[in-house]
There are 2 protein chains.
Amino acid sequence: MEVNTKRKKEVLNAALTLFRHRGYESTSMRQLAKELNLEVASLYSHISAKSDLLEVICFGMADKFLLGAKEVNDIYFNAEEKLRMYIANHISLLTQNMDSSIVFLRDWRFLPDDKKEQFVELRNKYEDGIREIIETGISEHVFNPSDIKMATLTILSSLNWVVEWYKPEGSLTPQEIANDLSNFILNGLKKNNL
Amino acid sequence: MEVNTKRKKEVLNAALTLFRHRGYESTSMRQLAKELNLEVASLYSHISAKSDLLEVICFGMADKFLLGAKEVNDIYFNAEEKLRMYIANHISLLTQNMDSSIVFLRDWRFLPDDKKEQFVELRNKYEDGIREIIETGISEHVFNPSDIKMATLTILSSLNWVVEWYKPEGSLTPQEIANDLSNFILNGLKKNNL
DNA sequence: CTTCCATACGAACGGCCGTTAGCAAATATA
DNA sequence: TATATTTGCTAACGGCCGTTCGTATGGAAG
């Protein structure tokens with residue numbers, strides 16, 4: 001589904017707020033309609049199904065993450081630097097798109113089966129990027145050998161958890177968070193014989 | 001609600017499996033009844049509401065976590081050792097109760113309001129235990145000064161994510177996972193001037 | 001001026017939801 | 001054997017769900 005009219009974008013934004021705070025499955029089309037001062041049926045002048053809304057959110061974020069990863073891969077070479085940039089990009093996207101991020105991390109499971117398959121493919125592609133950096137670091141004797149899959153998932157879980165506690169008005173900036181987490185993670189990965 | 005009859009326990013077990021794989025909200029009483037070869041109404045001879053089942057699961061796990069934390073606090077003194085034992089206990093409980101853990105981590109939000117409040121209190125108590133260890137480590141100059149709240153939540157997210165990928169038949173034992181995660185986390189926390 | 005498209009409506013569809021009332025059989029307890 | 005408790009049933013309740021049909025309006029594009 002393309003978001004090609006102003007009204008469509010308004011519908012999407014209202015849905016985004018509701019999905020974030022109530023979850024996709026617990027948000028009804030009737031609630032969404034009320035939020036927009038519309039009748040339920042009118043929503044279907046703009047979208048063809050509720051799941052359209054979830055799709056736009058999930059794939060929109062997936063694209064952003066993959067684009068950022070691609071840029072990092074094109075510019076940086078050394079494993080530590082690359083991982084730091086991956087983390088900075090990840091935290092920046094999460095904190096700048098809190099609503100979408102929360103929905104996309106929590107509710108992708110409710111995508112229709114075929115879309116869910118596509119989505120998981122994209123997510124695996126992103127995870128592979130991190131896995132490869134760790135592998136490079138290990139083979140270049142910069143990182144300690146470790147279970148690579150576990151390291152990747154542990155790193156991602158630390159990063160993604162940020163949406164659960166980050167407050168834009170809080171004391172830590174996204175840059176500081178990214179930096180702290182990078183230090184934390186790299187201390188966990190790096191050889192200690194410097 | 002007490003689980004005081006055999007049949008009640010069977011109902012609870014069936015619910016647990018369904019909740020784990022479909023989520024609490026997406027599991028209907030009719031599905032649960034079918035799983036037990038019962039009519040829907042018969043379920044209400046054993047429980048008084050669907051939310052009873054979620055309560056038993058969530059508070060059952062909360063109790064286990066807090067009990068483990070209490071034991072660790074009673075035995076160990078030094079901050080690093082204590083944190084290692086906290087982590088070992090946490091991973092052991094998660095991997096030995098995969099179904100309950102997944103439900104309890106994901107679906108506690110759907111507890112009725114009053115029970116949810118109680119639950120969050122218990123969770124905060126558990127988080128405080130970890131926070132205190134980190135504070136002790138910092139004040140004893142064993143750990144680097146850092147944002148303590150962030151460190152606590154980052155550690156918990158790394159630990160809890162384990163339920164997303166742990167496979168009992170996989171190559172890593174819970175002990176190995178706890179050990180690897182402890183090293184990873186402690187490297188991130190410890191002063192490097194040894 | 002007409003055609004087209006975005007936008008919105010009321011009414012209804014079949015279906016699933018958690019829960020209750022009232023009753024019956026089985027099983028354990030005394 | 002009499003009594004109490006556990007376990008189960010049929011039928012129904014009001015309510016919410018996503019979606020569809022047919023229709024109407026208003027403004028932009030040709």
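Fair warning: this is a prediction, and the values are worked out from it, not measured in the lab. We name chains A, B, ... by the order of the sequence lines, and we start the count at 1 in each one.
Looking at B:Ser42, its side chain never comes within 3.5 Å of a backbone N or O of B:Leu38 through a donor-acceptor pair.
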Open item on the list: Each nucleotide in nucleotides 7-22 of chain D should get exactly one letter: B, S or -. Can you fill that in based on protein heavy atoms under 4.0 Å?
Closed with: BBBBB-----BBBB--
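One interatomic measurement links the two molecules: NZ of B:Lys34 to P of C:dG18, which rounds to 14 Å at whole-angstrom precision. Going from atom CD1 of B:Ile47 over to atom C1' of D:dT6 covers 15 Å, rounded to whole Å. The distance from atom CG of A:Leu36 to atom C1' of C:dT7 is 13 Å, rounded to the nearest whole Å.
Note: B:Phe104 and B:Phe19 fail the aromatic proximity criterion, with ring centroids not under 6.0 Å apart.
The pair A:Glu10-A:Arg7 meets the salt-bridge criterion, with a side-chain N (NZ, NE, NH1 or NH2) lying under 4.0 Å from an Asp/Glu carboxylate O. Between B:Lys125 and B:Glu121 no salt bridge is recorded (no basic side-chain N to carboxylate O distance below 4.0 Å).
Contact detail for A:Phe119 and A:Ala62: the closest heavy-atom pair is CE1-CB, 4.3 Å.
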Open item on the list: Would A:Leu111 and A:Phe59 count as a side chain to side chain contact (heavy atoms under 4.5 Å, CB included) here? Give the steps.
Closed with: CA-CA 10 Å; A:Leu111 284 168; A:Phe59 285 92; 4.3 Å; yes
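When each of B:Thr152, B:Ile148, B:Ile87, B:Leu153 is paired with B:Ile130, the side chain to side chain contact (heavy atoms under 4.5 Å, CB included) condition holds for B:Thr152 and for no other. For the side chain to side chain contact (heavy atoms under 4.5 Å, CB included) criterion with A:Asn160, the lone passing option out of A:Ile155, A:Ile102, A:Leu105 is A:Leu105.
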N/O-N/O pairs, protein side and nucleotides 26-30 of chain C side, under 3.5 Å:
none

